[in-house]
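What follows is one structure encoded as structure tokens, with my remarks underneath.
Just so you know, ligand 1 is whichever comes first in the structure, and atom 1 is the first atom listed for that ligand.
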Amino acid sequence: MRQRVVLALGGNAILQPGQEGTFENQKANIEVSAESISKIIKAGHELVIVHGNGPQVGQILRQNELAKEEVPVQPLPICSAESQGFIGYMLQESLKNRLPEKNVATVLTMTEVDLADKAFNNPTKPIGSFYTEEESNQLAEEKGWVMGEDAGRGYRRLVASPEPKGIVEVNVIKTMLENDIVVVSTGGGGIPVARNEKGNLEGVAAVIDKDSSALRLSQDVESDVLMILTDVPNVYINYGKPDQEKLETISIEKAEQYYGEGHFSDGSMGPKMAACIEFAKLGKTAIICSLTEAVEALEGNAGTRIVG
Ligand code: ADP
Ligand code: MG
């Protein structure tokens, strides 16, 4: 049966931890990702691909920082758009080579956030270069940046991570799906925009969790499945402990119980499980699995499934 699938690619789909962010490394990882994704498309499903952009947008920010005497520095929403563009291109090329008969296109996607979101009162996400304490104080004064110490490695700019309220291009994405186009969208969680005093959309310095945005998108395009592809084959309870246990098919109630018991770490599995639980509440199936087992997981033969 043809299903509409929103698939979120984890960071490792583009760059593995510890790898240098060269074009060649990223392209090699994307080839592996495209191989797995193309099996879902060949199986006849409608597909929207969401991806992370942490290391990539970090690299663009760093380039801006290093070249600032020569080239005007661009704000964060522009860097976010740039990363969506080049990651989208790499995915399009790798997918098109495997599926010459298919139309594949990237939509630069804005994700609307609310300036009243409480996340803006307490920015927590470090972005861009590391600075000394002195530089950090100067930047806070000159640019009004919120700065914070990052795990003993130096000072960095901190930005908010607000909740995604809506995907601005949702109707474009739906139209593309209805016309059998494979869509890459909402990369890096989307370019964060908010309504200003005049009621117009305007880019904001923030980062949006890609798993939360993938949930928002799957709700808005009314997908049948939300799939989150990451670097572990399953979700586990007691993860990393001798008594760790693989989860295969679980109910919303079980998932919420384990969530409440703290089995899923805040910055990694936590947001994925939170997104999957919300999606399952629509009476649908959410899947977390490894990048290479996507089609098997969609058929019910791999990964962790939360069923509503
Ligand atoms: P991505 O880049 O795919 O979003 P993350 O690093 O954010 O990946 O999340 C995946 C990681 O979550 C895994 O590599 C694993 O170390 C971690 N993790 C934390 N808790 C769990 C759990 N209960 N079960 C499986 N993985 C977990
Ligand atoms: Mg990661």
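Within the listing of ligand 1, atoms 10 (C), 11 (C), 13 (C), 14 (O) sit less than 4.0 angstrom from a heavy atom of Asp231. The atoms of ligand 1 that sit less than 4.0 Å from any heavy atom of Thr230 are 1 (P), 3 (O), 8 (O), 9 (O), 10 (C). Each of the following atoms of ligand 1 lies closer than 4.0 Å to a heavy atom of Gly11: 1 (P), 2 (O), 3 (O). Distances below 4.0 Å separate heavy atoms of Lys210 from the following atoms of ligand 1: 4 (O). Residue Gly10 approaches ligand 1 through these ligand atoms, each under 4.0 Å from one of its heavy atoms: 1 (P), 2 (O), 3 (O). Atoms of ligand 1 found under 4.0 Å from any heavy atom of Lys272 (numbered from 1 in listed order, with element): 1 (P), 3 (O), 4 (O), 5 (P), 7 (O), 8 (O), 9 (O), 10 (C). Counting atoms of ligand 1 from 1 in the listed order, those under 4.0 Å from a heavy atom of Met269 are 12 (O), 18 (N), 19 (C), 20 (N), 21 (C), 22 (C), 25 (C), 26 (N), 27 (C).
There is no side-chain donor-acceptor pair under 3.5 Å between Thr109 and Gln84. Tyr131 and Glu65 share a side-chain donor-acceptor pair at under 3.5 Å. For the 3.5 Å distance criterion, the side chains of Arg305 and Thr285 fail to qualify, holding no donor opposite an acceptor.
In this structure, CD on Glu46 lies 13.0 Å from CD1 on Ile40, to the nearest 0.5 angstrom.
When only interatomic distances are considered, the shortest N/O to N/O separation between Tyr239 and ligand 1 falls below 3.5 Å.
In this structure, Asn234 counts as a contact residue of ligand 1, since one of its heavy atoms falls inside 4.0 Å of the ligand. Taking a 4.0 Å cut-off on heavy atoms, Gln244 fails to register as neighbouring ligand 1. Put simply, no part of Met273 is less than 4.0 Å from ligand 1, judged by heavy atoms.
At a 4.0 Å heavy-atom cut-off, ligand 1 touches Tyr236 through backbone and side chain alike.
Figure legend: cation-pi geometry between Arg153 and Phe130 absent, as NZ or CZ is not positioned both under 6.0 Å from the six-membered ring centre and within 45° of its axis.
Ring orientation note: the planes of Tyr259 and Phe264 are tilted relative to one another, at an angle of 30° to 60°.
Contacts of Ala28 classified as side-chain contact (heavy atoms from CB on, under 4.5 Å), with partners at least two apart in sequence or in another chain: none.
Pairs engaging residues 245-261 under the salt bridge (Lys or Arg N to Asp or Glu O under 4.0 Å) rule: Lys246-Glu248, Glu256-Lys281 [sequence neighbours left out].
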